[in-house]
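Heads up: the structure comes next, in C-alpha cells.
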Amino acid sequence: MKRRYIEIMDTTLRDGEQTSGVSFSASEKLALAQLLLTEVRVDRVEVASARVSAGELEAVQQITTWAASAGLLDKIEVLTFVDGKASLDWMRASGAKVMNLLTKGSLNHLIHQLKKSPDEHFADIRLVIEEAQQEGLQTNVYLEDWSNGMRNSPDYVFQLLDFLQTQPIRRALLPDTLGILTPSETYAFISQLVSRYPTIHFDFHAHNDYDLSVANVLEGIRAGAQGIHLTVNGLGERAGNAPMASAIAALRDFMPDVKMGVTEKSLYQVSKIVETFSGLRIPDNKPVVGDNVFTQTAGIHADGDKKNNLYFNALLPERFGRKRSYALGKTSGKANIENNLRELGIQLSENDLKKVTQRVIELGDQKEVVTREDLPYVIADVLNTNAVVSRVEILNYVLTHSKDLKPSATLRMRINEEQFEESAQGDGQYDAFMNALKKIYGKKNQTLPVLTDYAVRIPTGGRTDALCETIITWKDKNREFKTRGLDSDQTVSAIKATQKMLNTLD
Ligand SMILES: CC(=O)SCCNC(=O)CCNC(=O)[C@H](O)C(C)(C)COP(=O)(O)OP(=O)(O)OC[C@H]1O[C@@H](n2cnc3c(N)ncnc32)[C@H](O)[C@@H]1OP(=O)(O)O
C-alpha cells in the first residue's frame, strides 16, 4: 500500500499559549521548539503571533537564530495579520521566514470585524503577499472561521480560494476556529475543497469545544487534508486544540494508509515538559499521557491480563516509554496485589495473599490510597510479621519556620547501624529537611531519587477526617514510584512518605 505523508504542524507555542493563564518564557519557547523539531520530529512549529509583545519578539529571535544554525529555519512559522506593513516589519525583526497570514474565512467575520468587502480584503491580502515575496518570505494562509464560512457563506469561501489559487502561497490552513464541526461535516467540507482545488495543499486545524477534535482530525485527513495542526496536551484557547499524543496514536492505529515523521516514544516526555512549563496539570485520565491511563484497577482486568493479556488494546504503554500498572483499592482482586508484590520481589502464600487483599479492599472502602510501596507495611500489619525491615529510620528532627528568615532543619537518622546528623536551610520546611537529607546521603556518595510530584489531600469521610495525606512521586535511574504518608501535620506526612522512599533504596 502506498502511504500518504501527513505534515504535523505543532502550534503549542502559538495557539497553545492562547490557553487562559499560560505564558511561556523565551527560554521555555526555545527549549520546546528544539524538542519538538529534533526529538518529537514534527514537521513545522508555529511559535508566535506577530505584534504580540517585546518578549514574544525576543523569543522568536532566539528560536530563529537557533533554527538558522540548525538548518531548520523553514520549519519556524509565525501567525501574521492583514495589516499593511506592521506584521511584515515584525517578521523582519524576528528573523522568521514563514508567515501564516490570518485572513477571514467567513463573510460574517469579514463584514463585522474588518468591516470590508471581499474585494477590498483580497486586495489587502494581495499587497501583503506581494511584499512578503519581495522580502523572501514564504506565505501560508489561514481562513479564519472557515468552518462557519462553509456552513453559512460557502460562496465567499470559494471566492477567497479562487483568489488564493492565483497567489504564490504554499498552503491554505483551514481552522475550525470555534470548534463547531462534527466529523461528518469535517469530511464533507474538506473533501469538497480538495476536489475543487486539487493543486492547493490544505492543512486542517481543529478545536476541541465538543471534544471532537481528534475525530475531526481523522476525518479531515481521510477527506484529503495534507497537514494537521496539533498542540501538546491539547492546550489552546477555550477547550483547546487537538491533543498531539492522542491524535498521533489514533492516526497510527486507525489510518494505516498514512505516514508521519513523529517519534511516538517522545510524546510522553514532551507532554510532561509542557505540563511543567504551562503550569497546567495533565488530567489523570488524559489518553496516552495521563497518569492513570495504563493502570488496570478492576480485579477482573488484572486477572485477565495474567491469562493471555486479555485486557490489552493496541495502545500499549511501551510505545510511549510507559509501563502498565495495577491499582490497589476496593476494586482490587488477588491478581492486582500479586502483580504489585512481584514488582517488589515479595511472595506470599495463597492464604496470606487473601488476607492482604482483604485489607487493601477495606482501606479502599475508607477512601485511603494504597501505593505499591505501602504494601510491605500493609503486610506487616495484617500478618503481624516483620515484612518491613526499616533499614532507614528518621530518629529526630527540628524544623523552624519564622517570618523573613529561611526555614531550617536539623535531622538525626539511622541508616542500617550507623547514625548521622545534619542541618540545612531551604525554601520551606520540607525543602530544608530534604537538603539536610541530601547532605547525609552525599557523605555516603549516594544520590537520592528526584521528587517529580508532590500531592497533598485531606481524605474525606470516616476516621481519616482530620488527617493529611501526602503522596510523593519519585524518579530514579530506571523507575518511577509513589510513596504516601499520613499524619495530622502536612510536613510530617511528607517526611513519613520520604522515609518510605528511603527504605526502598539499595
Ligand atoms: C485563529 C486565531 O486564534 S487568531 C489569533 C490571533 N492572535 C492574536 O490575537 C494574538 C494576540 N493579539 C494581540 O496581541 C493583539 O490583539 C494585537 C497585537 C494583534 C492587536 O492589538 P490591538 O491593536 O490592541 O487591537 P485589538 O486586539 O483591540 O483588536 C484587534 C484588531 O485587529 C483587527 N483584526 C482582526 N482580524 C484581523 C486580521 N486577520 N488581519 C488584520 N487585522 C485584524 C480587528 O478588526 C481589530 O482592529 P480595530 O481595532 O481596527 O477594530
Side-chain angles (χ1 to χ4, degrees), residues 9-24 29 45-60 77-91 93-94 96 98-132 139-150 156-157 160 163-164 167 169 171-181 202-209 213 216 227-231 234-242:
M9 192 273 256
D10 176 277
T11 181
T12 309
L13 300 178
R14 197 279 295 172
D15 217 350
E17 206 184 21
Q18 286 173 222
T19 312
S20 176
V22 171
S23 171
F24 299 118
K29 281 202 158 195
V45 284
E46 189 178 51
V47 296
S49 287
R51 292 173 47 195
V52 163
S53 67
E56 200 70 342
L57 180 60
E58 192 194 320
V60 181
E77 304 182 355
V78 171
L79 181 144
T80 59
F81 306 99
V82 188
D83 53 5
K85 289 189 186 285
S87 289
L88 286 167
D89 289 345
W90 207 90
M91 285 294 287
S94 76
V98 184
M99 62 173 207
N100 294 342
L101 181 64
L102 188 71
T103 72
K104 294 299 183 195
S106 74
L107 203 52
N108 189 29
H109 272 216
L110 176 63
I111 291 171
H112 291 108
Q113 195 168 34
L114 295 189
K115 303 187 191 315
K116 299 228 168 165
S117 69
D119 284 343
E120 287 170 321
H121 192 38
F122 301 164
D124 292 343
I125 296 170
R126 185 195 302 276
L127 276 179
V128 174
I129 295 177
E130 211 174 83
E131 190 92 15
T139 307
N140 300 313
V141 176
Y142 269 116
L143 284 70
E144 193 187 9
D145 199 35
W146 157 83
S147 37
N148 260 317
M150 287 301 281
Y156 166 71
V157 178
L160 174 57
F163 158 69
L164 289 175
Q167 296 299 301
I169 67 162
R171 306 175 184 88
L173 318 176
L174 306 175
D176 180 14
T177 304
L178 300 176
I180 53 162
L181 290 182
F202 289 108
D203 271 8
F204 175 59
H205 175 117
H207 274 275
N208 206 29
D209 296 66
S213 61
N216 288 347
I228 45 168
H229 300 183
L230 305 172
T231 60
L235 291 188
E237 201 150 333
R238 306 182 313 276
N241 291 53

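Numbering of ligands and ligand atoms starts at 1, following listing order.
- For atom 45 (O) of ligand 1, the closest non-hydrogen atom of the protein is Q113 O, 3.3 Å.
- Proximity of a side-chain donor or acceptor of K29 to a complementary backbone N or O of L13 within less than 3.5 Å is detected.
- Q18 OE1, 3.6 Å is the protein heavy atom nearest to atom 5 (C) of ligand 1.
- Atom 32 (O) of ligand 1 is never approached by the protein to below 4.0 angstrom, counting heavy atoms only.
- Note that atom 14 (O) of ligand 1 has protein non-hydrogen atoms nearby, at separations under 4.0 angstrom.
- Without hydrogens or angle criteria, E120 side chain to S117 main chain gives a donor-acceptor distance under 3.5 Å.
- Closest to atom 7 (N) of ligand 1 among all protein heavy atoms lies S49 OG, 3.1 Å.
- Of the N or O atoms in E144, none lie within a sub-3.5 Å distance of an N or O in ligand 1.
- One option in L102, T11, L143, D83 has a heavy atom closer to atom 4 (S) of ligand 1 than any other, and that option is L102.
- Using a 4.0 angstrom heavy-atom cutoff, H109 does not count as in contact with ligand 1.
- S147 contributes no side-chain N or O that, together with a main-chain N or O of L181, makes up a donor-acceptor pair within less than 3.5 Å.
- The residue from L173, V82, V52, I125 that puts a heavy atom closest to atom 40 (N) of ligand 1 is V82.
- In this structure, atom 51 (O) of ligand 1 is not in close contact with the protein, since no protein heavy atom lies within 4.0 Å of it.
- Residues R51 and D89 are not paired through a salt bridge, judged by the lack of any N-O separation under 4.0 Å between the basic side chain and the carboxylate.
- Atom 36 (N) of ligand 1 has as its closest protein heavy atom K104 NZ, 3.1 Å.
- Among all non-hydrogen protein atoms, the one lying nearest atom 34 (N) of ligand 1 is L114 CD2, 3.6 Å.
- Counting protein heavy atoms under 4.0 angstrom from atom 23 (O) of ligand 1 gives one or more.
- Within the 3.5 Å criterion, the main-chain N or O of A50 finds no donor-acceptor partner in the side chain of E56.
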Let me see the working for E46 and L79 under side chain to side chain contact (heavy atoms under 4.5 Å, CB included), right down to the final yes or no.
CA-CA 7 Å; E46 189 178 51; L79 181 144; 3.8 Å; yes
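- Here the side chain of H121 pairs a donor or acceptor atom with the backbone of K104 at under 3.5 angstrom.
- For atom 9 (O) of ligand 1, the nearest protein heavy atom (residue, atom name, distance) is F81 CZ, 4.4 Å.
- Counting heavy atoms closer than 4.0 Å to ligand 1, residue E237 contributes nothing at all.
- Shown here for T139 and L101, the closest heavy-atom pair between the two residues is CG2-CB, 4.1 Å.
- Between F122 and Y156, the angle of the ring planes stays under 30°, which puts this pair in the parallel group of the 30/60° scheme.
- Without hydrogens or angle criteria, S213 side chain to N208 main chain gives no donor-acceptor distance under 3.5 Å.
- Counting only heavy atoms of the protein, atom 20 (C) of ligand 1 lies nearest to R51 NH2, 3.7 Å.
- Side chain to side chain, D15 and H229 fail the donor-acceptor criterion of an N or O pair below 3.5 Å.
- Counting only heavy atoms, the protein gets under 4.0 Å from atom 38 (C) of ligand 1.
- Contacts between R14 and ligand 1, counted as non-hydrogen atom pairs separated by less than 4.0 Å, involve the side chain only.
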